[in-house]
Amino acid sequence: MSKVLLVTGASRGIGAATARLAAQRGYDVAVNYISSRDKAEAVADDIRKAGRKAVTIQADCAKPDEIKRLFAEVDKSFGRIDAFFNNAGIVAPVMPFVDIPAERVVKLVMTNTIGAFVAAQEAAKRMSTKRGGKGGVIVNMSSIVAVLGGAGGTTDYGLSKGGIDTMTRGIAKELAPEGIRVNAVRPGMIDTEIHADMGLPDRVAQLAPTIPMQRGGTPEEVAEAVLWLMSDQASYVTGICMDIAGGRGI
Ligand code: NAD
């Protein structure tokens, strides 16, 4: 029986790349999206072309009730979940620390941290061997910004991702005896549309000379790391935050 993976924020970027690669590695995939139904359906079509099952599920991963419905729909479609990529996230325009309004911090933390926390809870409830599950793997989406501090106008985004590192280490210890491995990926500058959402579409090219490897990364390079962390090859790996950043942040 093939394994079932849920990816949040899977209609584009790193989430879409991971969903597509997962199908090639034999996973059936639940593709979550918030508003881009057509793009999510295109990802699902590619998964089916790779010979695997796919469903698309709309849900806002900043809202606990919708997250709970998302997991209930995965239950209905597949009857199990083996792997969870806690990927959905947002950024905000670069702004000096002292000018960032509290409402903006709340929105970032609600989506990137609290939403991810609730989603990890829902995954753990289903995977836990103490609750009748078969074990499983969770990969959380952090950022190298959690290490760098988000300096340069993204301190609130940095704060939201720092919480992911803390949560990852904490729940990895708590859930290890229940058959669940929990790790995070900490990408650096990855070439996706998220930078345009910050008002900086050329950010990766502009910052490339400051990265030790002198280039940005691709969504596929992050997807490879996520799929490795989920694989049996990583069977003794839990509680780590893996930098995928071309040397940025070391
Ligand atoms: P992206 O904007 O293409 O992907 C983010 C995805 O999350 C989108 O599909 C978006 O619709 C979805 N999303 C946002 N809010 C959501 C919500 N409330 N509910 C459901 N889905 C929601 O950008 P990406 O670069 O692929 O980002 C994916 C993750 O990687 C994010 O968490 C981001 O913070 C993180 N990250 C990105 C980089 C980078 O340089 N691109 C670096 C480090 C970390």
Side-chain angles (χ1 to χ4, degrees), residues 3-11 14-15 18-19 22 27-34 55-90 105-143 146 156-157 159-186 226-227 229-230 234-235 237-242:
K3 290 187 172 177
V4 173
L5 165 68
L6 167 63
V7 183
T8 58
S11 63
I14 297 165
T18 305
Y27 288 87
D28 293 336
V29 188
V31 175
N32 159 253
Y33 67 99
I34 182 167
V55 293
T56 58
I57 306 171
Q58 191 283 332
D60 182 343
C61 291
K63 297 184 176 157
D65 287 351
E66 296 205 17
I67 294 165
K68 287 177 185 171
R69 176 178 55 76
L70 167 65
F71 278 83
E73 291 195 25
V74 174
D75 293 341
K76 255 191 252 164
S77 297
F78 293 109
R80 58 186 281 170
I81 178 168
D82 304 284
F84 174 46
F85 184 26
N86 208 352
N87 167 71
I90 53 168
V105 187
V106 169
K107 188 177 177 201
L108 276 166
V109 171
M110 201 61 226
T111 307
N112 294 355
T113 326
I114 298 174
F117 188 97
V118 173
Q121 286 177 317
E122 290 303 306
K125 279 181 206 167
R126 287 160 174 79
M127 294 171 179
S128 169
T129 51
K130 282 195 184 153
R131 291 169 171 265
K134 292 188 168 60
V137 193
I138 298 171
V139 176
N140 295 319
M141 176 53 88
S142 178
S143 167
D156 47 355
Y157 176 72
L159 168 79
S160 74
K161 293 296 188 181
I164 293 292
D165 288 11
T166 306
M167 172 177 86
T168 299
R169 283 191 286 268
I171 64 177
K173 276 184 264 194
E174 193 172 327
L175 298 176
E178 300 179 34
I180 306 171
R181 293 191 297 107
V182 187
N183 294 291
V185 284
R186 252 187 333 221
V226 172
L227 266 295
L229 285 169
M230 285 177 179
S235 53
V237 179
T238 199
I240 68 161
C241 302
M242 184 192 276

K.L.:
A side-chain contact here means heavy atoms from C-beta on lying under 4.5 Å apart; do F71 and K125 qualify?
P.N.:
no

K.L.:
Measure the OG1-NZ distance between T111 and K63 for me, rounded to the nearest 0.5 Å.
P.N.:
10.0 Å

K.L.:
Work out which heavy atom in V105 is nearest to a heavy atom in L159; give both atom names and the distance.
P.N.:
CG1-CD2, 3.7 Å

K.L.:
Mind checking the CG-CD spacing from N86 to E122? Nearest 0.5 Å is all I need.
P.N.:
11.5 Å

K.L.:
I need the minimum non-hydrogen distance between F78 and V55, along with the two atoms involved.
P.N.:
CE1-CG2, 3.6 Å

K.L.:
With side chains defined as the heavy atoms from C-beta onward, is the minimum distance between M242 and N183 less than 4.5 Å?
P.N.:
no

K.L.:
With distance as the sole test, does S128 use its side chain to make a donor-acceptor pair with the main-chain N or O of E178 at under 3.5 Å?
P.N.:
no

K.L.:
Which pair of non-hydrogen atoms, one from R181 and one from S235, has the smallest distance, and what is that distance?
P.N.:
CD-O, 3.4 Å

K.L.:
Between I81 and R126, what is the shortest heavy-atom contact and its length?
P.N.:
CG2-CB, 3.8 Å

K.L.:
Could you check whether any side-chain heavy atom of T168 comes within less than 4.5 Å of a side-chain heavy atom of S142, counting everything from C-beta outward?
P.N.:
no

K.L.:
Examine distances only and state if a side-chain atom of D60 and a backbone atom of I34 form a donor-acceptor pair shorter than 3.5 Å.
P.N.:
no

K.L.:
Keeping the roles fixed (side chain from T113, backbone from S160), state whether a donor-acceptor pair exists under 3.5 Å.
P.N.:
yes

K.L.:
Could you check N140, I164, N87, V226 and say which one makes a side-chain contact (heavy atoms from CB on, under 4.5 Å) with V185?
P.N.:
V226

K.L.:
Nearest 0.5 Å, what's the CD-CE distance between E174 and M167?
P.N.:
12.0 Å

K.L.:
What is the minimum heavy-atom distance between G239 and R169, and which atoms define it?
P.N.:
O-CG, 3.5 Å

K.L.:
How many angstroms lie between CD1 in I171 and OG1 in T238, if you round to the nearest 0.5 Å?
P.N.:
9.0 Å

K.L.:
Compare every heavy atom of M141 with every heavy atom of F85, then report the nearest pair and how far apart it is.
P.N.:
CZ-CE, 3.7 Å

K.L.:
Between E73 and K76, is there a side-chain N and carboxylate O pair less than 4.0 Å apart?
P.N.:
no

K.L.:
Within this structure, what is the OG-CD1 distance for the pair S77 and I57, rounded to the nearest 0.5 Å?
P.N.:
5.0 Å

K.L.:
Please report the interatomic distance CD1(I138) to CG(L229), rounded to the nearest 0.5 Å.
P.N.:
12.5 Å

K.L.:
Heavy atoms, side chains only, cut-off 4.5 Å: are L227 and T18 in contact?
P.N.:
yes

K.L.:
Between D82 (side chain) and V4 (backbone), is there a donor-acceptor pair under 3.5 Å?
P.N.:
yes

